[in-house]
Amino acid sequence: MRLKQPPWLLLSDVGPVPGLDDPVQLSATADGFPSPSAVADASRSPTPTPAEASATSRETPKSKPKSKDPAAHLIYMRYLQRNQPPRTSIEKFGSGYQDYLQAPLQPLTDNLESVTYEVFEKDPVKYDWYERAIAQALSDWSKQSKPTSSSSGAVVIAVAGSGRGPLVTRALRASNTTGVPVEVWAVEKNPNAYVLLQRHNDMDWDGVVNVVKSDMRAWKGPLVNPTTTIGQAVTSTATSPASPYGKVDILVSELLGSFADNELSPECLDGVQHVLAPQFGISIPSSYTAHLTPILAPRLHADISHRAVTDTTATETPYVVMLHAIDYLATTVPDHPRIQQVWEFVHPLPESTLAIAEARRGGGVSGGGGGSMAGGDGANEHNTRHSRMKFVCRNRGVVNGLAGYFEAVLYDGGVEGKVELSTRPDTIDEKSKDMISWFPIFFPLKNPLYYPDDSELEVSIWRQTDDRKVWYEWMVEAFAMVGPAKRMRLGMSEVGSSRKVGCLM
Ligand SMILES: C[S@@+](CC[C@H](N)C(=O)[O-])C[C@H]1O[C@@H](n2cnc3c(N)ncnc32)[C@H](O)[C@@H]1O
């Protein structure tokens, strides 16, 4: 049997049988390892197809002496073990976390611990890509001679949700490498991270960074009055004609979860967009998309069913998990790839969208009124989403849930190309090889959904909000093809809903 993941082979009761050919003719050297000729032999076809195997056995002269080596199986297994493809960065990093279910972080409502930031900061790719994106944005700003929001001519950069400051360091570095002067603001609501930002500013950034402790949604923007204390969060709503607050040219953030928007990046960035320079301001990332595929995951299903005995939300929670003992169920066919985009968020939003949201807040009718279907005034209605996707499955199978991934465009440099992140197994190598910051997300089905050969799976998923919370609802339907263009619905899953464990805004 050939498995997708190591161990590759499961052998049972298969000691060498006297008088029969060994499955693979190997000879061992004195140290117990295969001889070079045996290795070459084995490497020729480590996984022959049944046709190749039978052709090989037909070619084998009957007169060839039969191997009696009792260690042949062991030697071959060692050979396979040594010649496995190298583990990917995320497999090395996540070793021990395979199929370990974790509730997603909620960095908006919870304050992350320093060690969590330390883990983020180990990513060898994410910060380099952000630095590339910021450098490209600065070069373009300068090439296009766009006006800046500072009186000195420096491009104003704000890192919204700075954590311990790795993106601030990268913004300063991007300015050094491009020679484009910047004024940098670091905005963070976590008081512990704020202290570390201040220390970084003193020790590493020569005090050039303006550190602000504030929820970004309450931040009024960079203070332009030099007599006012830098780092002061101002939450008053009063605006005077001569506002002491300036604008930001480049708003850098990293608020993405395993399903892109599940840590409420859209809601946070909506709340801080008012500080962005209206005409030229840009957001890094400029957009992100969520992606799904149905999977077989019996181990996760068993674990979740076990948890459900004591936890009523166990089957309704989207988990962050390094998927391991799983199989993808869908085949890629034209128009219906194995992994499909679910929805997209783009920043900054058109001003008109935010104006409608603001008008709806508090029940105003000028924004369309009526409130939202899920409750609330409808002020966050523009961040709801719904998607229905069709997946084609040639072979019968069992769906245990949906595997979710994301892609993000940090900066679209036009002809220079896009700087992108991806966690999708089929595009990560092309877009952000070796990035380790995110494991996939898993939306479980309470009960497995069985389907026969030649089926279609239709996946529906909603992003819901009641203006206080955001959650997801999801379901899968199975259809059998009963004619070239005719199908019959065979079954559907229950609707999963993470409302009870939703993300607080
Ligand atoms: C995923 S961490 C990224 C931290 C850092 N930028 C990095 O890449 O290592 C997100 C950070 O945003 C902060 N954050 C989330 N929502 C925020 C909000 N509404 N206002 C200010 N900070 C926020 C969190 O406290 C956390 O430090």
Side-chain angles (χ1 to χ4, degrees), residues 104 106-109 160-161 189 215-219 235 237 251 253 255-276 278 281 283 285-292 316-318 340-389 402 404 406-409 441 443 458-475 495-505:
Q106 294 217 16
L108 179 54
T109 40
K189 53 107 188 152
D215 187 307
M216 65 182 80
R217 296 167 297 177
W219 186 44
T235 51
T237 51
L251 184 66
S253 67
L255 305 163
L256 299 170
S258 297
F259 201 49
D261 51 85
N262 60 304
E263 292 180 9
L264 307 198
S265 179
E267 284 74 14
C268 289
L269 293 182
D270 283 0
V272 70
Q273 187 178 314
H274 66 275
V275 305
L276 203 56
S283 167
S286 56
S287 66
Y288 34 86
T289 46
H291 302 253
L292 277 182
E316 311 275 343
T317 302
Q340 294 180 30
Q341 181 175 317
V342 184
W343 49 57
E344 181 180 36
F345 287 86
V346 175
H347 299 284
L349 281 181
E351 278 307 318
S352 55
T353 308
L354 285 185
I356 292 171
E358 197 46 48
R360 285 178 173 171
R361 205 176 303 282
V365 286
S366 57
S372 117
M373 295 277 286
D377 300 326
N380 196 32
E381 199 70 4
H382 61 287
N383 285 326
T384 59
R385 294 285 187 278
H386 167 229
S387 178
R388 189 172 166 93
M389 291 149 282
L402 308 167
F406 80 85
E407 292 189 344
V409 177
I441 201 162
F443 293 91
E458 295 229 353
V459 172
S460 301
I461 184 162
W462 295 260
R463 188 181 199 263
Q464 302 272 42
T465 181
D466 60 5
D467 297 347
R468 291 178 298 112
K469 249 186 181 183
V470 171
W471 68 93
Y472 299 95
E473 291 172 5
W474 60 96
M475 66 177 280
V495 178
S497 168
S498 60
R499 186 167 193 163
K500 285 195 202 123
V501 292
C503 260
L504 286 173
M505 286 168 57

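The figures here come from the full heavy-atom set of this structure, side chains too, leaving out hydrogens, waters and symmetry mates. No experiment lies behind these values; they were computed from the predicted model shown.
By the 4.5 Å heavy-atom criterion applied to side chains, Pro266 and Arg463 are counted as neighbours. Looking only at side-chain heavy atoms (C-beta outward), Asn380 and His382 come within less than 4.5 Å of each other. Residues Glu381 and Arg360 are in side-chain contact: their nearest non-hydrogen atoms beyond the backbone lie under 4.5 Å apart. Contact annotation: the side chain of Met475 approaches that of Trp462 to within less than 4.5 Å [non-hydrogen atoms, C-beta and beyond]. Counting heavy atoms from C-beta on, the side chains of Val346 and Leu349 never come closer than 4.5 Å. With contacts defined as side-chain heavy-atom distances shorter than 4.5 Å, the pair Phe259/Pro104 does not qualify. Within the 4.5 Å cutoff, no side-chain heavy atoms of Asn383 are placed close to those of Met505. Using a 4.5 Å heavy-atom cutoff, the side chains of Gln464 and Arg499 are not in contact.
Atom CG of residue Leu269 and atom CG of residue Leu264 lie 10.5 Å apart, to the nearest 0.5 angstrom. Distance check: Phe345 CZ to Ser265 OG gives 9.0 Å after rounding to the nearest 0.5 Å. Taken from CZ in Arg217 to CD in Glu267, the straight-line distance is 8.5 Å, to the nearest 0.5 Å. From Phe406, atom CZ reaches atom OG1 of Thr289 across 9.0 Å, with rounding to the nearest 0.5 Å. Taking CG of Leu251 as the start and NE2 of His347 as the end, the distance is 9.5 Å to the nearest 0.5 Å. In this structure, OH on Tyr472 lies 13.0 Å from CG on Leu402, to the nearest 0.5 angstrom.
Between the side chain of Ser387 and the backbone N or O of Val342, at least one donor-acceptor pair lies under 3.5 Å. Looking at Glu316, its side chain does come within 3.5 Å of a backbone N or O of Ser497 through a donor-acceptor pair.
Listed here is the closest heavy atom pair of Pro107 and Glu263: CG-OE1, 3.2 Å. Residues Pro348 and Gly281 come closest through the heavy atom pair CG-O, 4.3 Å. Taking every heavy atom of both residues into account, Leu108 and Lys189 meet most closely at O-NZ, 3.1 Å. Contact record, Arg388 with Ser460: NH1-OG, 3.2 Å, taken as the closest heavy-atom pair. Annotation for Gln106 and Leu504: closest pair OE1-N, 3.7 Å, computed over non-hydrogen atoms. Minimum heavy-atom separation, Gly502 to Trp471: CA-CB, 4.1 Å.
Heavy atoms of other residues, nucleotides or ligands lying less than 6.0 angstrom from CZ of Arg468 number 12 at most.
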Run the side-chain contact (heavy atoms from CB on, under 4.5 Å) check on Arg385 and Glu344 step by step: do they pass? CA-CA 9 Å; Arg385 294 285 187 278; Glu344 181 180 36; 5.9 Å; no
Pair Leu292-Trp474, side-chain contact (heavy atoms from CB on, under 4.5 Å): steps then yes or no: CA-CA 11 Å; Leu292 277 182; Trp474 60 96; over 6 Å; no
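Annotation: salt bridge (Lys or Arg N to Asp or Glu O under 4.0 Å) contacts of Asp270 (sequence neighbours excluded): none.
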